[in-house]
Each structure stands twice: as structure tokens, then as C-alpha cells.
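See below for the structure under consideration.
Since the model is a prediction, treat every value here as computed from it, not as a measurement.
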Amino acid sequence: MELNEPFENEDEVDGLDLTPRQAPPVRGGDDQKRKRLLVGGFLAVLVVVLGVVAWQGLSNAALYFRTADEAVEQRDELGDRRFRIEGTVVPGSVEPDGVAVRFVIESNDVQVAVAHQGDPPDLFQEDIPVVLEGRWSQTDDVFESDGILVKHTEEYEADNPDRTDEFVGDE
């Protein structure tokens with residue numbers, strides 16, 4: 001038998017099945033598109049989520065900071081937006097009210113009444129500078145606070161500096 005000559009006898013094929021067959025359909029077109037759409041959709045959702053988280057973080061970190069006199073002067077402009085206000089707690093103005101406390105802060109001879117929700121920090125007291133987070137009340141001339149930051153010095157003074165001398169020995 002010569003090359004390129006057709007088989008005339010089935011014995012010449014040595015048990016090979018040479019019946020014509022159809023090639024399987026080429027797949028991948030629809031599956032590849034589906035995979036690309038899923039990956040693209042996932043990435044789009046991820047970008048949106050990261051954008052929202054970044055926006056929230058930046059907006060919380062970028063609260064406007066005003067002294068009490070500036071806040072009173074810009075009250076209409078500030079409206080009901082959250083901002084930080086700074087002032088010194090006026091002596092004699094602190095009135096605890098259950099889980100809230102009312103007091104007055106002052107800056108440059110301008111006083112602002114404050115209604116704070118929650119317990120103030122341990123360092124909170126009269127005649128110290130504080131920074132409050134909150135917004136102007138829509139019904140009263142009161143700053144409604146939900147966060148107090150107490151300003152203090154970096155110096156530490158022990159209440160009883162001689163107390164350790166007994167144990168270490170003062171020689």
C-alpha cells in the first residue's frame with residue numbers, strides 16, 4: 001500500500017476506528033465573557049466600597065474647627081453641619097444631668113452654652129480648655145456635643161512625689 005492511498009480493506013487499519021467524527025464545539029467565548037463580566041463587576045463593587053470608606057474617613061477627619069467666638073459668628077453658615085468648637089469651660093457653669101452634662105465655654109469674651117450627651121472624660125473640669133464635637137441645636141442657642149477632647153499639658157506632676165522615698169531610701 002502506498003502513502004495517500006485510501007484504505008480498501010478494513011484489515012489494513014489495524015483496529016483503528018476511522019469513522020468520521022464532528023469536532024467538539026469550541027467553547028470559551030461565552031464562558032470567557034461571563035468570567036470577565038464577573039471579575040469586572042467585582043472590581044467595580046470593590047472600587048465603590050473603597051471610595052465610600054475613604055470618603056467617610058476623610059469627612060470624619062476633616063471636621064471644621066472653630067473657636068467659640070468664630071462659631072457664634074458663623075452660626076448661620078455652619079447650619080446643622082458637624083464641627084469642632086474650642087473654648088475654656090466657664091467656672092461655676094458645669095451642671096451634671098444624669099448621663100449628660102451642661103456647661104458653658106468661652107473664647108475671646110464670647111460664651112456658648114453646651115449640652116453634652118454622655119459622660120465627660122475624667123480630666124474634664126472647670127477652667128480648662130476643651131474641644132467639643134457636635135453641631136448647633138436647631139431649636140435653641142446651644143451647641144449639642146457628643147464628644148469632648150480635653151486639652152492638657154504634657155508635664156506630669158505626681159500627687160505625692162516623696163511617697164517613693166520611703167521604699168527606695170533617700171540617702
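Judged purely by atom type and a 3.5 angstrom limit, Gln74 has no side-chain atom pairing as donor or acceptor with the backbone of Ala71. Under a 3.5 Å cut-off, the side chain of Ser93 and the backbone N or O of Val104 do form a donor-acceptor pair. Between the side chain of Glu133 and the backbone N or O of Asp146, no donor-acceptor pair lies under 3.5 Å.
A continuous path of hydrophobic side-chain contacts links Val94 to Ile128 [ILVMFWY only; heavy atoms under 4.5 Å].
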Start with the C-alpha distance between Arg84 and Arg66, add both sets of side-chain angles, then the distance that settles side-chain contact (heavy atoms from CB on, under 4.5 Å), and finish with yes or no. CA-CA 6 Å; Arg84 290 180 178 169; Arg66 304 283 190 267; over 6 Å; no
Steps toward side-chain contact (heavy atoms from CB on, under 4.5 Å) verdict (Val89, Asp127): CA-CA 5 Å; Val89 179; Asp127 206 24; over 6 Å; no
Please determine whether side-chain contact (heavy atoms from CB on, under 4.5 Å) holds for the pair Val90 and Gln111, giving the CA-CA distance in whole Å, both sets of side-chain angles, and the decisive distance to 0.1 Å. CA-CA 8 Å; Val90 174; Gln111 293 188 345; 3.8 Å; yes
Walk me through whether Thr88 and Ile105 qualify under side-chain contact (heavy atoms from CB on, under 4.5 Å). CA-CA 5 Å; Thr88 301; Ile105 60 171; over 6 Å; no
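Across all non-hydrogen atoms, the minimal contact from Ala68 to Glu106 is CB-C, 4.4 Å. Across every non-hydrogen atom of Gln117 and Ala100, the tightest pair is NE2-CB, 4.0 Å.
Contact of the Leu132 side chain with the Phe103 side chain is registered, since non-hydrogen atoms from C-beta on lie closer than 4.5 Å. Between Val53 and Trp55, the closest side-chain pair of non-hydrogen atoms is not below 4.5 Å. Residues Trp136 and Glu144 fail the side-chain proximity criterion, which asks for heavy atoms closer than 4.5 Å. Annotation: side chain of Val131 is not in contact with side chain of Ile85 (no heavy-atom distance under 4.5 Å).
Considering OG of Ser145 and CZ of Arg135, their distance stands at 11.0 Å, rounded to 0.5 Å. Atom CG in Leu123 sits 11.5 Å away from atom CD1 in Ile148 (nearest 0.5 Å). Atoms CG and NE2, from Asp97 and His116 in turn, are 12.0 Å apart once rounded to the nearest 0.5 Å.
Residue-environment remark: CZ (Arg102) stays at or below the threshold of 12 foreign heavy atoms within 6.0 Å.
Using cut-offs of 30° and 60° for the angle between ring planes, the Phe143 and Phe83 rings count as perpendicular.
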